[in-house]
Number of protein chains: 2
Amino acid sequence: MHLLRAYSALEERFSGALSVHGLSLKEVLLLMHLEREPSGRLTRVALAKRLNVSASTVTRMAQPLEKCCFVSRETDARDARLAFVVLTDAGKEAVTNTRATLQRLSSEVFRDRWTKEDISQLAELLGRLTAGHPGDIS
Amino acid sequence: MHLLRAYSALEERFSGALSVHGLSLKEVLLLMHLEREPSGRLTRVALAKRLNVSASTVTRMAQPLEKCCFVSRETDARDARLAFVVLTDAGKEAVTNTRATLQRLSSEVFRDRWTKEDISQLAELLGRLTAGHPGDIS
DNA sequence: TAATATTACTTGCTCTCGCAATCGTTTCGC
DNA sequence: GCGAAACGATTGCGAGAGCAAGTAATATTA
């Protein structure tokens with residue numbers, strides 16, 4: 001049950017810091033999922049499953065990102081229904097910068113009071129909790 | 001980072017089950033915070049801080065609960081600005097029932113694959129993560 | 001005591017998101 | 001091949017939540 005509390009507390013902290021980059025936390029996660037893909041692209045429904053949001057939300061989230069040139073749109077020659085969301089070079093750079101910010105923030109949160117073992121243990125337990133679900137991210 | 005994932009996965013699972021009681025997860029948390037208070041009542045701003053939401057959200061959340069007679073309104077004789085949210089007997093019963101549902105659900109989630117030590121360790125780590133924040137709940 | 005600041009709460013506006021309906025496209029069964 | 005079912009994406013609508021403005025009451029300061 002502590003999860004709920006921990007989530008809202010951290011979410012507040014992280015989303016505040018991310019506004020520096022002009023991106024919301026959810027948008028960053030979207031870009032990270034794209035980055036994780038070898039092809040650098042995903043369909044909207046695949047993104048929706050990974051992000052645990054509806055397909056319409058992905059459609060709406062991708063629009064401003066497309067305007068910012070962090071993602072672009074690509075269609076499949078074989079299946080005209082598919083409209084891939086593709087990570088651009090500018091998007092990759094944004095992810096890299098944002099990840100650096102996140103890591104700096106994490107070390108602040110964990111500074112003192114936390115050993116490496118604590119952190120890896122927490123990660124392991126949370127990972128086990130979500131095992132079987134699709135959208136893991138490092 | 002796994003937190004985000006774990007949160008959304010569990011939130012989906014729990015909120016679905018809670019709809020049986022006609023209450024949302026956030027409403028249940030509100031009632032639990034009231035129950036936790038010896039006086040059984042809190043002002044709206046105090047609730048907002050504990051729930052990590054804005055004051056206006058508390059005002060709006062309390063309205064349907066008041067209609068359901070799970071909470072009532074009480075004013076302070078000394079300070080007419082204060083409008084306490086008070087847990088009624090029906091509200092206490094609702095919390096008790098809902099907690100039973102939640103515990104049953106938890107044991108389902110943790111069944112197999114989790115030892116008692118795992119669970120207490122996870123709780124301890126998450127608790128440490130939120131230490132210093134106001135809204136802890138058991 | 002009187003004017004100002006602060007606090008608690010409410011309301012209007014806006015944004016975000018999920019659901020359901022829709023459209024275009026592909027695939028399956030015959 | 002052809003109609004029907006399934007699928008991916010988009011759009012309209014409603015619910016939920018935060019921000020800012022407004023109101024009423026209390027606290028503070030001159």
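Below, chain A is the first sequence line, B the second, and so on; all start at residue 1.
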Distance, rounded to the nearest Å, where [X] contributes [atom1] and [N] contributes [atom2]:
| X | N | atom1 | atom2 | answer |
| --- | --- | --- | --- | --- |
| A:D76 | C:dT25 | CG | P | 14 Å |
| B:N52 | D:dA17 | CG | P | 13 Å |
| B:K26 | C:dC17 | NZ | P | 13 Å |
| B:L23 | D:dG16 | CG | P | 13 Å |
| A:L47 | D:dT10 | CG | C1' | 16 Å |
| B:E74 | C:dC9 | CD | P | 13 Å |
| B:Q63 | D:dA15 | CD | P | 14 Å |
| A:L51 | C:dT16 | CG | P | 16 Å |

TODO: State whether A:R73 places a side-chain N or O below 4.0 Å from either non-bridging phosphate oxygen (OP1 or OP2) of D:dT10.
DONE: yes
Open item on the list: I want to check one thing: is the phosphate of D:dT10, taken as OP1 and OP2, less than 4.0 Å away from some side-chain N or O of A:T59?
Closed with: yes
Under 3.5 Å, is there an N or O donor on one side and an acceptor on the other linking the side chain of [X] and the base of [N]?
| X | N | value |
| --- | --- | --- |
| B:T43 | C:dC9 | no |
| B:R60 | C:dG12 | yes |
| B:S56 | C:dC9 | no |

Open item on the list: So does A:C69 get a backbone contact from the side chain of A:T88, meaning a donor-acceptor N/O pair under 3.5 Å?
Closed with: yes
TODO: For B:V53, answer base if it contacts any base atom (sugar-phosphate contacts may also be present), sugar-phosphate if it contacts only those atoms, and nothing otherwise; contact means non-hydrogen atoms under 4.0 Å.
DONE: sugar-phosphate
TODO: Take A:A77 and A:A55, find for each the nucleotide of DNA chain C with the closest heavy atom, and name the residue whose nucleotide sits nearer the 5' end.
DONE: A:A55
Task: Residue whose closest nucleotide on DNA chain C lies nearer the 5' end, A:R78 versus A:S54 - done: A:S54
Task: Worked verdict on A:R128 versus B:W114 for side-chain contact (heavy atoms from CB on, under 4.5 Å) - done: CA-CA 9 Å; A:R128 185 134 49 106; B:W114 289 80; 3.8 Å; yes
- [ ] Dump the intermediate steps for side-chain contact (heavy atoms from CB on, under 4.5 Å) on B:L30 and B:K26, then the final yes or no.
- [x] CA-CA 6 Å; B:L30 188 154; B:K26 306 219 165 193; over 6 Å; no
- [ ] Assess whether atom CD of A:E124 is packed by more than 12 heavy atoms of other residues, nucleotides or ligands within 6.0 Å.
- [x] yes
Open item on the list: Would you say CD of B:E93 has more than 12 non-hydrogen atoms from neighbouring residues, nucleotides or ligands within 6.0 angstrom?
Closed with: no
- [ ] Identify the heavy atoms of A:H33 and A:L42 that sit nearest to each other, and give their distance.
- [x] O-CD1, 4.0 Å
TODO: Kindly give the heavy-atom pair with the smallest separation between A:L23 and A:A94, and that separation in Å.
DONE: CD1-CB, 4.5 Å
Task: DNA chain C-proximal residues of residues 79-87 of chain A, any heavy atom under 4.0 Å - done: A:D79, A:A80, A:R81
